[in-house]
Amino acid sequence: MSIYARTLSVTEYRSFPSFELDLARGVTVLVGHNAVGKTNLVEALQLLTSGRSFRKPSPRELVRAGGPRCSMKLTLEGEGRVIDMGCVVEDGRRAFMRNGKRCRAAGVRGVVPSVLFCPDDLDLVKRGARLRREALDGFGIQLNESYAQLASTYERTVEQRNSLLKEPFCTRDLLDAWNDSIASTGAALTVHRLALLSRIREHLIDVYAGLSGGEAADVSYVPSWGAPDATPLPAVADASSRADRIEAVRARIASALDERAGEELRRGITLVGPHRDEIAFTIDGRDARTFASQGQQRSLVLAWKIAEVEVTREILGRPPLLLLDDVMSELDETRRQAFLGLVGGGVQTVITTTNLGYFDDSALDRAKVVKIGGGSR
Ligand SMILES: Nc1ncnc2c1ncn2[C@@H]1O[C@H](COP(=O)(O)OP(=O)(O)OP(=O)(O)O)[C@@H](O)[C@H]1O
């Protein structure tokens with residue numbers, strides 16, 4: 001049996017003095033009124049599977065108001081293993097634990113990765129590019145530790161270069177000294193992104209066509225460093241062509257940095273690199289950000305999330321933990337069924353809702369329903 005999330009327990013965490021939640025191997029529905037803490041539980045599950053929270057809280061925000069510390073533990077079980085992933089916040093500092101031993105976020109990340117879908121995601125297509133980059137990276141870092149390390153090294157490098165750019169003494173020579181690290185780390189990160197996006201794309205196209213009755217959706221990577229008609233990058237077939245690909249991107253980032261140095265010095269920010277790249281959706285060849293209806297944009301996001309589930313299965317050989325926070329009310333019947341269909345495919349799922357009316361009887365019969373703010377059913 002593949003590894004899955006069995007029990008979450010939290011103490012002095014957000015709205016909970018203490019709470020223990022046994023999860024079903026299939027679907028667990030958390031039902032309760034507004035503000036009873038359903039999303040808080042989803043957040044803990046995300047934190048203990050991915051090492052991050054979509055709410056981006058400061059450590060103190062995780063501690064129940066007035067308390068000095070909080071702790072969370074998620075027990076994973078299967079494949080002959082039991083692993084406890086933990087997180088403790090004390091004195092305003094957050095520490096992760098694996099089987100009781102302190103570790104970095106990487107220690108809890110990715111054994112059972114999670115795919116979260118919450119109401120904020122519904123605007124993913126039309127909001128700023130940063131959110132789409134974060135969606136791709138947040139997924140990628142759970143599947144590949146080198147992706148995670150590159151993303152974090154690259155972020156630090158850009159921060160340092162931007163700090164330098166804001167200094168009155170910053171000169172072209174001082175700036176150029178940073179270009180190598182931006183270009184080489186940025187290129188390696190970009191190649192990870194391109195590989196992951198191409199896997200997501202394959203599923204997204206099929207899923208979207210199924211949801212829409214045949215419309216052609218697509219998603220592409222629009223780099224900050226190249227004209228769209230630039231020579232295509234070498235295809236990734238093996239490790240050596242991967243190295244060629246990184247070198248090709250590195251050279252383009254380096255030359256774009258060179259070209260735009262004057263503008264960077266004037267504006268005080270780094271204008272080239274993966275932190276400025278775009279992930280763009282189209283439907284029937286038209287830019288989805290400006291042309292797609294709200295329903296089409298939602299279907300694109302839904303297709304993206306389903307693609308994340310399928311790509312996890314492809315790469316790790318097991319499905320992720322799917323966390324659906326408060327989205328049932330936002331989706332119509334077809335889209336709800338698309339998600340519930342995944343569940344039939346053996347994806348462990350936690351769904352929060354204020355209203356069980358969004359589920360048909362057969363779905364509820366197969367689910368474990370837990371009332372939050374009351375007893376379990
Ligand atoms: N650190 C904290 N200490 C105490 N309470 C907290 C803390 N953080 C959040 N809360 C409380 O948790 C509640 C929100 O919980 P949550 O967002 O999980 O609700 P929910 O059940 O998902 O609600 P909805 O159905 O409206 O989305 C709020 O009442 C908020 O004040």
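The model shown is predicted, which means the values in this text are computed figures rather than measured ones. Residue numbers run from 1 in the order of the sequence given. Counting starts at 1 for both ligands and their atoms, in listed order.
Between F281 and W304, the ring planes lie perpendicular to each other; the angle is over 60°, past the 30° to 60° tilted range. Ring pair F19/F16 is tilted by interplanar angle, where 30° to 60° counts as tilted.
Distance from atom 11 (C) of ligand 1 to its nearest protein heavy atom, with residue and atom name: S15 CB, 3.9 Å. Among all non-hydrogen protein atoms, the one lying nearest atom 12 (O) of ligand 1 is N40 ND2, 3.1 Å. Scanning all protein heavy atoms for the shortest distance to atom 25 (O) of ligand 1 gives K38 NZ, 2.8 Å. At the shortest separation from atom 8 (N) of ligand 1 among protein heavy atoms lies R14 NH1, 3.3 Å. The shortest contact between atom 3 (N) of ligand 1 and any protein heavy atom is with A65 N, 2.9 Å. Of all protein heavy atoms, the one lying nearest to atom 23 (O) of ligand 1 is A35 N, 2.7 Å.
Remark: distances from the non-hydrogen atoms of G32 to ligand 1 are all 4.0 Å or more. At least one heavy atom of D326 sits under 4.0 Å from some atom of ligand 1.
Listed by atom number, the atoms of ligand 1 under 4.0 Å from V63 heavy atoms are 1 (N), 2 (C), 3 (N).
At least one N or O atom of G37 sits closer than 3.5 Å to an N or O atom of ligand 1. For a threshold of 3.5 Å applied to N or O pairs, the pair formed by T39 and ligand 1 contains at least one separation below that value.
By the side chain to side chain donor-acceptor pair (under 3.5 Å) test, E247 pairs with R250, sequence neighbours left out. Under the side-chain contact (heavy atoms from CB on, under 4.5 Å) criterion, R60 pairs with S58, not counting sequence neighbours.
Here atom 26 (O) of ligand 1 lies nearest to N34 when heavy atoms of N34, V42, I372, N355 are compared. Distances from atom 17 (O) of ligand 1 to the heavy atoms of R60, R55, R64, E61 show the closest one on R55.
Within 4.0 Å of atom 30 (C) of ligand 1, not a single protein heavy atom is present.
We find that E145 and R109 are joined by a salt bridge, their nearest charged nitrogen and carboxylate oxygen being less than 4.0 Å apart.
Using a 4.0 Å cut-off between heavy atoms, T354 contacts ligand 1 through its side chain alone, with no backbone atom that close.
Using a 4.5 Å cut-off on side-chain heavy atoms (C-beta onward), R64 and C70 make no contact.
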